[in-house]
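Quick caveat: nothing in here was measured; it's all calculated off a predicted structure.
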Amino acid sequence: MIYQSAFTAKNGSLIPIYSSGKPGCSKYNPEREAETQKQNLREADFFIFAGTGGGFLIQETAKAFPEARILAVEETEEDISFLKNNFPLIKKLSEQKNIIFAWEKTFSALLLENYLPAVHSNLEFYALPSWAQENPDAKNRIVSILQQTLDTIRKDFSVQAHFGKIWTKNILQNLTLCRQETEAEFPIEKKAVVCAAGPTLEKKITDLKKESSGNFVIATDTAYKILLRNNVKVDAVFSVDGQHVSINHFTKKTEQNPLFIFSLSGNHHIALKLSQANKKVIFTVSKNPLEQLVYCNGKDSFLPVDTASGTVTVAAADFARKAGFKNIEIYGADFSYPGGKAYAAGSYLDDIYQMNQKRNANIETSFSKLMYRTELFQNEEGNATTETLSFYRKELSKWAEKNGCTILKKDGVYRIKAPGKNEFSKGSLKPFNQKMLKDCIQEKAGRLTAEESGAEEFIYSLLPLISSMKLSDIKKGDVKKFDVYLKLALNFILRYTEKYE
């Protein structure tokens with residue numbers, strides 16, 4: 001702990017004394033000192049303070065920017081406890097809804113939870129001078145944590161901004177396909193085989209044909225066309241991609257009739273065409289906040305599947321686990337470029353690149369551009385990989401550990417032992433009641449327009465769409481206040497809800 005005691009300044013205010021004996025604030029008039037320090041702050045709607053001192057600067061900032069959120073960071077939990085127990089002002093500030101106190105180990109998690117680029121346009125960081133001088137190593141660590149966490153937040157915002165409007169439209173349109181009661185029973189006595197589209201999938205094609213009767217084959221969308229071209233029987237196809245390009249995975253004609261499982265935010269055009277062709281289509285809900293809102297209004301209509309990893313392979317494995325399969329194997333999940341190949345032969349990219357070949361730019365040129373679009377490095381197996389692919393590989397391990405699964409990789413195949421517990425609702429998936437959703441949205445919208453409390457979760461469900469709208473304005477140099485985006489998003493949701501009721 002860097003604090004030693006409390007001291008009464010000349011004007012009667014309590015200030016902290018550091019272990020070195022130096023004061024944390026002015027010993028004469030800490031309030032006036034805080035007013036001066038506030039002049040160094042730019043206008044923002046999210047402030048981070050390294051060091052709390054007597055809380056005077058935080059108090060001045062909260063007065064000047066009453067709608068801003070403030071995150072104050074100390075080195076240890078002990079430091080925060082000392083300040084709250086000995087300084088009434090800090091205790092009072094900690095009870096305010098928009099002021100959060102963190103210590104070094106909780107800083108990143110609290111920043112991830114509270115700093116939302118869709119809501120907060122400007123972030124201001126300020127290290128209290130006396131605290132930074134007393135604690136330079138802690139200040140440097142906090143700055144490093146801040147930079148790393150902001151990088152994570154920027155990436156997440158970029159994804160939400162790019163896909164927010166696509167996800168929202170797909171969700172609201174796909175609800176129109178949840179109109180029939182659908183069986184959701186699975187042959188869990190079999191082995192679930194999840195097929196990703198990595199190059200090593202080619203080595204398992206023969207095994208898939210031989211063992212078809214004992215396997216329940218789940219094709220990720222990217223692997224579906226590859227398996228069809230090799231006459232492998234597919235029992236289920238799992239797709240989470242909402243982009244238009246994912247249509248290319250489903251263009252191969254077949255007499256097979258697998259179960260199609262789409263994320264509710266997945267591509268609506270594909271799900272619609274399959275439904276119109278009398279194919280069996282069911283939907284899962286991911287952690288997308290709007291999907292979660294929908295799920296709360298009709299839990300019996302969807303299968304909740306964890307898609308937080310960002311890769312369809314892990315999502316498909318989670319589907320198999322929650323369906324109750326005890327033995328799960330994953331083929332073609334290379335998370336790298338073994339042999340210098342990006343995909344198994346027969347993927348949708350083969351068709352696209354083949355069709356666009358030129359004399360001086362053939363199919364190999366296109367695949368090379370794909371692999372070298374980001375920096376490559378070698379993994380422990382000696383294969384070229386990327387930061388993103390390496391991240392997905394780690395996410396698979398984290399998913400297995402989190403869900404009580406043992407996982408072993410042998411001969412390019414991930415073998416997973418799962419608890420074998422069916423986490424889906426027994427029996428059939430019920431038709432979704434869209435009127436109930438519309439009523440829910442209108443009720444929550446009424447709270448927003450009346451500025452009543454209790455609508456925070458609803459606001460959160462609109463953030464991906466708001467991120468998309470905000471990014472468009474950032475490019476134009478015309479960023480609006482959050483309230484404006486909130487109304488625009490609300491109108492968008494209501495318009496689509498009424499259109500597809």
Donor-acceptor under 3.5 Å ([X] side chain, [Y] main chain):
| X | Y | value |
| --- | --- | --- |
| Ser390 | Thr386 | no |
| Asn85 | Ser81 | yes |
| Arg69 | Asn114 | no |
| Ser467 | Leu463 | yes |
| Thr311 | Tyr392 | no |
| His162 | Ser158 | no |
| Asn297 | Leu437 | no |

Distance check, rounded to the nearest 0.5 Å: [X] atom [atom1] versus [Y] atom [atom2]?
| X | Y | atom1 | atom2 | answer |
| --- | --- | --- | --- | --- |
| Phe262 | Phe283 | CZ | CZ | 7.0 Å |
| Leu71 | Leu123 | CG | CG | 9.0 Å |
| Phe238 | Ile261 | CZ | CD1 | 6.5 Å |
| Leu111 | Leu150 | CG | CG | 5.5 Å |
| Gln37 | Leu128 | CD | CG | 5.5 Å |
| Met469 | Phe492 | CE | CZ | 6.0 Å |

[Y] and [X], any side-chain heavy atoms less than 4.5 Å apart:
| X | Y | value |
| --- | --- | --- |
| Cys25 | Pro16 | yes |
| Phe377 | Thr385 | yes |
| Leu303 | Ile282 | yes |
| Asp45 | Ser121 | yes |
| Ile328 | Arg321 | yes |
| Ser286 | Val240 | no |
| Ile407 | Leu396 | yes |
| Tyr3 | Glu74 | yes |

Charged N-O contact under 4.0 Å between [X] and [Y]:
| X | Y | result |
| --- | --- | --- |
| Asp439 | Lys435 | yes |
| Lys475 | Asp473 | no |
| Glu104 | Arg141 | yes |
| Lys38 | Glu60 | no |
| Glu387 | Lys155 | yes |
| Glu380 | Arg393 | yes |
| Glu77 | Lys105 | no |
| Lys398 | Glu401 | no |

Establish, yes or no, whether a centroid distance under 6.0 Å links the rings of Tyr126 and Phe47.
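Distance test on ring centres: not under 6.0 Å, no.
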Judged by modelled atom types alone, do [X] and [Y] share a side-chain donor-acceptor pair under 3.5 Å?
| X | Y | answer |
| --- | --- | --- |
| Asn174 | His268 | yes |
| Gln378 | Asn383 | no |
| Gln292 | Ser461 | no |
| Glu291 | Ser265 | yes |
| Tyr28 | Glu33 | no |
| Lys10 | Ser26 | no |
| Ser130 | Tyr18 | yes |
| Ser336 | Glu381 | no |
| Arg42 | Asn122 | no |
| Thr149 | Ser108 | yes |
| Trp399 | Asp318 | yes |

Please walk me through it: do Lys165 and Ser472 pass side chain to side chain donor-acceptor pair (under 3.5 Å)?
CA-CA 11 Å; Lys165 187 173 287 188; Ser472 178; over 6 Å; no
Counting only heavy atoms not in [X] (residues, nucleotides, ligands), do more than 12 fall under 6.0 Å from its [atom1]?
| X | atom1 | value |
| --- | --- | --- |
| Glu95 | CD | yes |
| Lys322 | NZ | yes |
| Lys326 | NZ | no |
| Lys480 | NZ | yes |
| Met1 | CE | yes |
| Glu423 | CD | yes |

side-chain contact (heavy atoms from CB on, under 4.5 Å) between Leu116 and His120, intermediate numbers included
CA-CA 6 Å; Leu116 306 170; His120 307 111; 4.2 Å; yes
Show the numbers, then the answer: is there a ring pair (Phe, Tyr, Trp, His ring centres under 6.0 Å) between Phe302 and Phe432?
CA-CA 9 Å; Phe302 309 101; Phe432 182 75; 5.5 Å; yes
For a side-chain contact (heavy atoms from CB on, under 4.5 Å) check, start with the C-alpha distance between Ile48 and Val73, then their side-chain angles and the critical distance, and finish with the verdict.
CA-CA 7 Å; Ile48 298 173; Val73 191; 4.2 Å; yes
Using the side chain to side chain donor-acceptor pair (under 3.5 Å) rule, take Gln160 and Ser468 through it: C-alpha gap first, then chi angles, then the decisive distance, then the call.
CA-CA 7 Å; Gln160 290 200 32; Ser468 183; over 6 Å; no
When you look at Asp306 and Lys402, which way does the side-chain contact (heavy atoms from CB on, under 4.5 Å) test go after all the steps?
CA-CA 11 Å; Asp306 185 359; Lys402 180 177 71 174; 3.0 Å; yes
Looking at every heavy atom in both Pro23 and Ile17, which two are closest together, and how far apart are they?
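Between these two residues, the closest heavy atoms are CA-CD1, 3.8 Å.
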For the pair Tyr115 and Leu110, evaluate side-chain contact (heavy atoms from CB on, under 4.5 Å) and give the outcome as yes or no after the intermediate values.
CA-CA 8 Å; Tyr115 177 59; Leu110 286 171; over 6 Å; no
Of Asp79, Ile80, Ile70, the residue whose pairing with Phe101 passes side-chain contact (heavy atoms from CB on, under 4.5 Å)
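Exactly one option meets the side-chain contact (heavy atoms from CB on, under 4.5 Å) with Phe101, and it is Ile80.
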